[in-house]
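One structure below.
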Amino acid sequence: MEEMKTETIQKKRILSGIQPSGDLTLGSYLGAIRNWSALADEYDCYYMLADMHTITVRQTPAELRRRTLTQLAAYIACGLDPEKNVLFIQSHVPAHAQLGWVLDCYTMFGELSRMTQFKDKSAKNADNINAGLFTYPALMAADILLYQADLVPVGEDQKQHVEICRDIAARFNGIYGDVFKMPEPYIAKVGARVMSLTSPENKMSKSDRDPNGCVYMLEKPEDILRKFKKAVTDSDACVRFDPKEKPGVSNLMQIYAVTTGKDYGVIEREFEGQGYGAFKSAVGEAVVELLRPIREETERLLADKAYLETIYRTGAERASYVAGKTLRKVYKKVGFVER
Ligand code: ATP
Ligand code: LTN
């Protein structure tokens with residue numbers, strides 16, 4: 001009886017997504033996907049492969065297709081059960097583009113100009129500063145608002161986009177009444193910022209130009225170990241957590257802590273009096289063991305294209321149902337004639 005009662009209470013809804021713009025990294029895993037799988041029982045979860053956002057930067061079509069399917073397989077291999085989570089490809093649900101256009105008309109040039117990611121990406125792609133790159137936050141707002149999401153789990157770097165989404169929703173609701181639920185960013189405390197192994201002052205990122213700074217989720221164990229052995233540290237030869245003075249060592253400690261569940265005090269004692277060699281190898285080995293089952297499961301799933309197809313088709317249907325309801329409401333509010 002108790003159980004039946006809780007079943008009828010509407011769960012809070014979560015939406016998040018990652019662009020298939022590069023191979024997933026240890027940062028994408030520790031900062032995002034790993035935290036998602038723990039939310040499935042408590043929340044109603046929607047996770048998207050944000051392929052429409054990816055083309056704001058030029059892509060090779062075959063590569064984009066390969067990365068999208070690999071990312072879907074990796075979501076599942078990381079523990080996102082497709083029965084409990086709606087996993088879908090953004091371009092399969094046309095409501096994203098449709099609401100995206102409407103919201104473009106409720107988003108101001110000035111506020112888009114302040115987006116840090118736009119400034120960064122337009123500096124990196126100076127020969128292709130296209131309109132999509134500029135209006136991207138309105139599409140991301142559509143992604144979130146279509147599902148009436150309560151929470152949006154993202155890393156620190158995406159907080160500004162969730163805030164502009166809230167501003168757009170408040171502006172729209174201010175004119176038309178309560179159409180959109182106001183979403184909150186949801187930032188995990190651990191792993192929120194995994195740094196590059198070669199330049200620990202920068203975030204580990206899929207599109208990093210230095211491949212040695214970045215550990216890919218599906219990388220071979222020997223390559224992972226080699227990258228950790230080469231990781232930048234300092235001349236102090238002491239394993240101690242101090243992100244300001246010792247960014248390289250502290251980043252490795254953070255990775256080791258999240259991977260093994262040990263706290264910083266325990267790690268400091270474990271490597272006391274030893275050089276960095278033993279420490280770096282231990283972190284590398286812990287990461288290899290963390291990623292090994294995920295790599296094996298991703299490879300197994302990728303060999304079963306028919307299964308992946310069933311997952312993304314079912315996901316698109318379930319997502320379209322919810323998204324369609326919001327879109328119809330919005331179309332009616334702005335004054336479009338019903339078909
Ligand atoms: P790109 O290089 O294409 O900008 P990225 O590697 O920075 O990509 P995103 O696709 O922007 O990754 O991020 C996907 C999700 O993972 C976001 O929620 C982001 O905040 C989180 N994330 C990405 N990199 C890290 C990292 N190094 N540490 C913690 N979280 C991360
Ligand atoms: N902008 C995000 C990816 C993204 C997203 C979303 C995240 C697109 N739409 C909606 C959360 C909710 C990125 O670049 N990491």
Side-chain angles (χ1 to χ4, degrees), residues 13-36 45-59 64 67-68 71 74-75 78 88-91 93 96-97 99-100 103 115-125 132-133 135-147 149-166 168 183-197 199-211 213-217 251 254-255 258 319 323:
R13 195 169 282 158
I14 279 188
L15 176 123
S16 196
I18 299 183
Q19 300 190 40
S21 55
D23 294 327
L24 292 173
T25 71
L26 181 65
S28 343
Y29 179 62
L30 296 179
I33 311 174
R34 193 175 91 121
N35 308 315
W36 296 352
C45 299
Y46 290 74
Y47 297 114
M48 191 178 73
L49 297 117
D51 58 346
M52 290 168 69
H53 287 277
T54 305
I55 63 163
T56 53
V57 173
R58 283 288 176 269
Q59 302 292 327
L64 177 57
R67 284 196 308 257
T68 306
Q71 192 171 307
Y75 276 8
C78 288
F88 68 101
I89 299 174
Q90 184 186 25
S91 63
V93 183
H96 290 255
L99 183 63
L103 296 184
M115 293 294 112
T116 320
Q117 192 177 49
F118 172 68
K119 290 185 205 160
D120 288 351
K121 290 209 173 173
S122 43
K124 276 193 200 157
N125 302 283
L133 190 66
T135 61
Y136 161 117
L139 179 60
M140 177 158 161
D143 299 336
I144 298 168
L145 299 176
L146 274 175
Y147 298 89
D150 296 277
L151 294 175
V152 185
V154 283
E156 277 291 333
D157 56 306
Q158 291 298 319
K159 206 172 151 200
Q160 197 183 30
H161 288 157
V162 181
E163 273 156 14
I164 193 177
C165 168
R166 287 169 57 89
I168 298 168
E184 302 274 347
Y186 186 69
I187 296 168
K189 283 184 195 67
V190 282
R193 227 172 147 73
V194 177
M195 309 310 275
S196 156
L197 298 187
S199 46
E201 59 290 347
N202 298 321
K203 194 186 85 155
M204 183 184 283
S205 156
K206 281 190 245 109
S207 49
D208 198 337
R209 262 162 287 175
D210 178 7
C214 200
V215 173
Y216 298 102
M217 274 176 62
N251 184 41
Q254 183 197 200
I255 295 172
V258 185

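Values in this document were obtained by computation on a predicted structure and should not be read as measured data. Both counts, for ligands and for their atoms, begin at 1 and track the order of listing.
- What you find for Q71 and P20 is that their closest heavy atoms are OE1-CA, 3.2 Å.
- Within ligand 1, the atoms closer than 4.0 Å to a non-hydrogen atom of D157 are 19 (C), 20 (O), numbered from 1 in the order shown.
- Using 4.0 Å as the threshold, M195 has no heavy atom nearer than that to any atom of ligand 1.
- Under the 4.5 Å side-chain criterion, counting only non-hydrogen atoms from C-beta, M140 is in contact with H161.
- In this structure, the side chain of N202 does not engage the main chain of S196 through any donor-acceptor pair within 3.5 Å.
- Residue A32 approaches ligand 1 through these ligand atoms, each under 4.0 Å from one of its heavy atoms: 15 (C), 16 (O).
- For atom 7 (O) of ligand 1, the candidate residues are H161, K203, E156, Q71; the nearest heavy-atom contact is made by K203.
- Annotation: salt bridge (Lys or Arg N to Asp or Glu O under 4.0 Å) contacts of K203 (sequence neighbours excluded): D157.
- Of the heavy atoms in S205, both backbone and side-chain atoms come closer than 4.0 Å to ligand 1.
- Closest approach of S28 to I18, counting heavy atoms only: CB-CD1, 4.4 Å.
- Using a 30° and 60° split on the angle between ring planes, H96 and Y147 fall in the tilted class, from 30° to 60°.
- The atoms of ligand 1 that sit less than 4.0 Å from any heavy atom of R193 are 28 (N), 29 (C).
- The aromatic rings of Y136 and H53 lie perpendicular to each other, with more than 60° between the two planes, well past the 30° mark.
- Within 6.0 Å of the CD1 atom in I55, the count of heavy atoms belonging to other residues, nucleotides or ligands does not exceed 12.
- Atoms of ligand 1 lying under 4.0 Å from any heavy atom of S21, numbered from 1 in the order shown and given with element: 3 (O).
- For the pair L24 and I33, the minimum side-chain heavy-atom distance is below 4.5 Å.
- Nearest to atom 4 (O) of ligand 1 by heavy-atom distance, out of Q158, M204, K121, is K121.
- Using modelled atom types and a 3.5 Å distance limit, the side chains of R193 and Q254 yield no donor-acceptor pair.
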N/O contact list for ligand 2, threshold under 3.5 Å:
| residue | atom | partner | partner atom | Å |
| --- | --- | --- | --- | --- |
| ligand 2 | 1 (N) | Y136 | OH | 2.2 |
| ligand 2 | 1 (N) | Q158 | OE1 | 3.0 |
| ligand 2 | 9 (N) | D143 | OD2 | 2.7 |
| ligand 2 | 14 (O) | Q19 | NE2 | 3.1 |
| ligand 2 | 14 (O) | Y136 | OH | 2.9 |
| ligand 2 | 14 (O) | Q158 | NE2 | 3.4 |
| ligand 2 | 15 (N) | Q158 | NE2 | 3.4 |

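- Remark: ligand 1 atoms within the under-4.0 Å shell around heavy atoms of G31 are 29 (C), 30 (N).
- Between T25 and K206, the side chains place no donor N or O within less than 3.5 Å of an acceptor N or O (distance only, hydrogens not considered).
- Taking every non-hydrogen atom of V194 and a distance limit under 4.0 Å, the qualifying atoms of ligand 1 come out as 26 (C), 27 (N), 28 (N), 29 (C).
- Compare I18, L30, N251 by their heavy atoms: the one nearest to atom 14 (C) of ligand 1 is in I18.
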